[in-house]
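Single-structure report; data block below.
Owing to the predicted nature of the structure, the values given are computational and were not obtained by experimental measurement.
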Amino acid sequence: MKPRVSIILTTKNNEHIIERCLRSVAEQTYPYIELIVVDNFSIDQTLTIAQRFTKKTYSHGPERSAQRNYGFRHAQGDYLFFIDSDMELQRDTVQKCMHITKQGHGALIVDEQFIGRGYWSQCKALEKRCYTGTQDAEAARFVKKTLFLKIKGYDELLTGPEDLDLHKRLMPLTSLGRASGIIHHDDYLTFSSLLKKRFYYSRSLRRYFAKHPQAKQQEFRFIRVAFLKRWKILAADPFHSLGLIFLRVGEGFATILALLRTR
C-alpha cells in the first residue's frame, strides 16, 4: 500500500476562491489522498462548497495554527500537506512531493508560483518570487506525520510566523527537501489591506523572537538576503520594485506599531 497524504486546507469566508483550490486537489494524479477542510466559522458559503468535495469538513478556530492542528488530529495519512484557499495545485504536485520524499526527506518546501492581479498584488507577488529557492522566508508545508507529532504541531499562540517556527523546529530532526507545484493567487490586494495584515501577523512576533532570537535581525532587515540574491528579478521590473520599496517601508512601520501595542 502506497503512503497516504492528508491535505489540510484552512478556510474563512473564502467562497469566491475556494472552489478553484478544491478542484485542484480533486484532480491530483496521486490517488492516495484525503482532503480535510477546517473552516473558521465562515458566514458565507465556504463550508457548503467544501462539502461538495469532501466529507471531512470541520469548524474550528480561533486562528490558522489551531485549525491546522485540529485537521492533523483527524488525519489518517502518512504525510500532511498544509495549503491555503488562495492556492491552486498543479495536477502532479502531490506526485512530485511523494517522489522527493523517497530521497529521505521528512519535510518539503513546496515552491510557489505567485500570480498577482492589481498593482499592489503584483508588488507583493514580486517580493515573494524573490524568496523562492533562497531559504529566506520559506517554510516547509509537506511534512511526515510522525515528525509533525514529534514536534507537537504548530504553535497555536503564533499567527503569522507559525510557518517559519514549524520549519525551524523541523530542521534539526530531518533532511529538508524541495518540490514544486503550487500556484498562489494574490488578487487585487490593496495597500491598506497589506498593512493591516502585517500589523495583525506581527502581534505574535515577540513570542516568535523569544523562541528564535537569531531570527530577529533577519525580520527587521529592510534589504533581505533574498533581494540581494534575486536582484535581477527586481531590476527587470522597476515599476513594481518601486512599489515594493514603498510597501516594505509601510509594513515596517506596521510591524513596529504592533510590537509596541503588545509589550
With rounding to the nearest 0.5 angstrom, report the CG to CZ distance, Leu194 to Arg198. 9.0 Å
In this structure, which one of Glu63, Arg64, His167 forms a side-chain contact (heavy atoms from CB on, under 4.5 Å) with Glu162? Arg64
Sorted by chain and number, sequence neighbours left out, side-chain contact (heavy atoms from CB on, under 4.5 Å) with Arg129 holds for Phe114, Ala125, Leu126
Would you mind listing every salt bridge (Lys or Arg N to Asp or Glu O under 4.0 Å) that reaches into residues 187-196, with sequence neighbours excluded? Arg117-Asp187
Please check if atom CD in Gln90 has more than 12 non-hydrogen atoms from other residues, nucleotides or ligands closer than 6.0 Å. yes
Would a distance-only check, ignoring hydrogens and angles, find a side-chain to backbone donor-acceptor pair under 3.5 Å from Ser121 to Gly116? no
Side-chain heavy atoms under 4.5 Å apart, restricted to Ile/Leu/Val/Met/Phe/Trp/Tyr: what other residues fall into the cluster of Phe82, or is it alone? Ile8, Ile36, Val38, Tyr58, Tyr70, Phe72, Leu80, Val143, Leu147, Phe148, Leu149, Ile151, Tyr154, Leu166, Leu170, Leu173
How close do Cys130 and Leu234 get, counting heavy atoms only, and between which atoms? SG-CD2, 3.6 Å
Could you pull out the closest heavy-atom pair between Ser202 and Thr255, with the gap in Å? OG-OG1, 3.3 Å
Could you tell me whether His99 atom NE2 has more than 12 heavy atoms of other residues or ligands within 6.0 Å of it? no
Under the salt bridge (Lys or Arg N to Asp or Glu O under 4.0 Å) rule, collect the residues that match up with Lys56, sequence neighbours excluded. Glu34
Between Asn14 and Thr11, do the side chains contain an N or O donor and an N or O acceptor separated by less than 3.5 Å? no
Quick one: does Asp78's side chain have a donor or acceptor within less than 3.5 Å of a partner on Arg4's backbone? yes
Out of curiosity, Leu35 CG to Gln28 CD, how far, rounded to the nearest 0.5 Å? 10.5 Å
Show your reasoning for whether ring pair (Phe, Tyr, Trp, His ring centres under 6.0 Å) applies to Phe81 and Tyr79. CA-CA 7 Å; Phe81 190 9; Tyr79 289 87; over 10 Å; no
Connected via hydrophobic side-chain network under 4.5 Å: Leu9 and Val25: yes
Does Thr190 reach the main-chain N or O of Ser193 with its side chain, forming a donor-acceptor pair under 3.5 Å? yes
What distance do Ser42 atom OG and Glu15 atom CD have between them, rounded to the nearest 0.5 Å? 8.5 Å
Option passing salt bridge (Lys or Arg N to Asp or Glu O under 4.0 Å) with Asp186 (candidates Lys124, Lys197, Lys128): Lys128
Could you label the plane-to-plane angle of the His212 and Tyr208 rings as parallel, tilted or perpendicular, counting under 30° as parallel and over 60° as perpendicular? tilted
Between Leu89 and Ile83, is the side-chain contact (heavy atoms from CB on, under 4.5 Å) condition met? List the steps. CA-CA 9 Å; Leu89 304 183; Ile83 64 173; 4.3 Å; yes
Show the nearest heavy-atom pair for residues Lys216 and Phe209, with the distance to one decimal. CA-CE2, 3.6 Å
Same cluster or not: Leu260 versus Tyr201, using hydrophobic residues (I, L, V, M, F, W, Y) connected whenever any side-chain heavy atoms lie under 4.5 Å apart? no
Apply side-chain contact (heavy atoms from CB on, under 4.5 Å) to residues Asn40 and His60 and explain how you reach the verdict. CA-CA 5 Å; Asn40 193 353; His60 191 74; over 6 Å; no
Smallest separation among heavy atoms of Asp39 and Asn13, with atom names: OD1-N, 4.4 Å
Are Thr132 and Asp111 close enough that a side-chain donor and a side-chain acceptor fall under 3.5 Å? no
Does Arg169 come within less than 4.0 Å of Asp155, counting only side-chain N to carboxylate O? no
With sequence neighbours excluded, residues passing ring-ring contact (aromatic ring centres under 6.0 Å, His included) with His240: Tyr119
Phe53 and Arg23, any side-chain heavy atoms less than 4.5 Å apart: yes
Heavy-atom side-chain proximity of Arg261 to Phe199 below 4.5 angstrom: yes
How about CD1 on Ile43, more than 12 heavy atoms from neighbouring residues, nucleotides or ligands closer than 6.0 Å, or not? no
Report the residues that fulfil salt bridge (Lys or Arg N to Asp or Glu O under 4.0 Å) with Arg203, sequence neighbours left out, ordered by chain and then residue number. none
Shortest non-hydrogen contact from Ala226 toward Tyr131: CB-CD2, 3.4 Å
Close side-chain approach of Phe191 and Leu247, heavy atoms under 4.5 Å: yes
Within a strict 4.5 Å, meaning less than it, do heavy atoms of the Cys97 and Ile100 side chains meet? no
Applying side-chain contact (heavy atoms from CB on, under 4.5 Å) to Thr48 and Thr46, what does each step give before you reach the verdict? CA-CA 6 Å; Thr48 301; Thr46 296; over 6 Å; no
Could I get the full list of side-chain contact (heavy atoms from CB on, under 4.5 Å) partners for Lys102, not counting sequence neighbours? none
Which residues pass the ring-ring contact (aromatic ring centres under 6.0 Å, His included) test with His185, sequence neighbours left out? none
Does any pair with a residue in residues 43-55 pass salt bridge (Lys or Arg N to Asp or Glu O under 4.0 Å), and if so which ones, sequence neighbours excluded? Glu19-Arg52
Looking only at heavy atoms, which two atoms of Ser175 and His105 are closest? And how far apart? OG-ND1, 2.7 Å
From Arg20 atom CZ to Glu88 atom CD, the distance as rounded to the nearest 0.5 Å: 6.0 Å
Determine which pairs satisfy salt bridge (Lys or Arg N to Asp or Glu O under 4.0 Å) with at least one residue from residues 130-145, sequence neighbours left out, and list them in order. Glu112-Arg141, Asp136-Arg224, Glu138-Arg178
Counterpart residues, salt bridge (Lys or Arg N to Asp or Glu O under 4.0 Å), relative to Arg230 (two or more places apart): none
Considering residues, nucleotides and ligands other than Phe41, do more than 12 of their heavy atoms fall under 6.0 Å from its CZ? yes
Return the set of residues passing salt bridge (Lys or Arg N to Asp or Glu O under 4.0 Å) with Asp84 (not counting sequence neighbours), or none when no residue passes. Arg68
Does one hydrophobic cluster hold both Leu22 and Ile17, with members joined at side-chain heavy-atom distances below 4.5 Å? no
Are Ile109 and Ile182 connected in the hydrophobic side-chain network, where two residues link if heavy atoms are under 4.5 Å apart? no
Kindly compute the distance separating CD (Glu127) from CD1 (Ile233), expressed to the nearest 0.5 Å. 12.0 Å
Can you measure from CD1 (Ile49) to CG (Leu47) and round to the nearest 0.5 angstrom? 10.0 Å
For Ser85 and Thr10, what are the C-alpha separation, side-chain angles and deciding distance, and is it a side-chain contact (heavy atoms from CB on, under 4.5 Å)? CA-CA 7 Å; Ser85 55; Thr10 55; over 6 Å; no
Any salt bridge between Asp165 and Lys211, counting N to O under 4.0 Å? yes
Look at the side-chain heavy atoms of Ile, Leu, Val, Met, Phe, Trp and Tyr, link any pair under 4.5 Å apart, and say whether Tyr30 and Val110 land in one connected group. yes
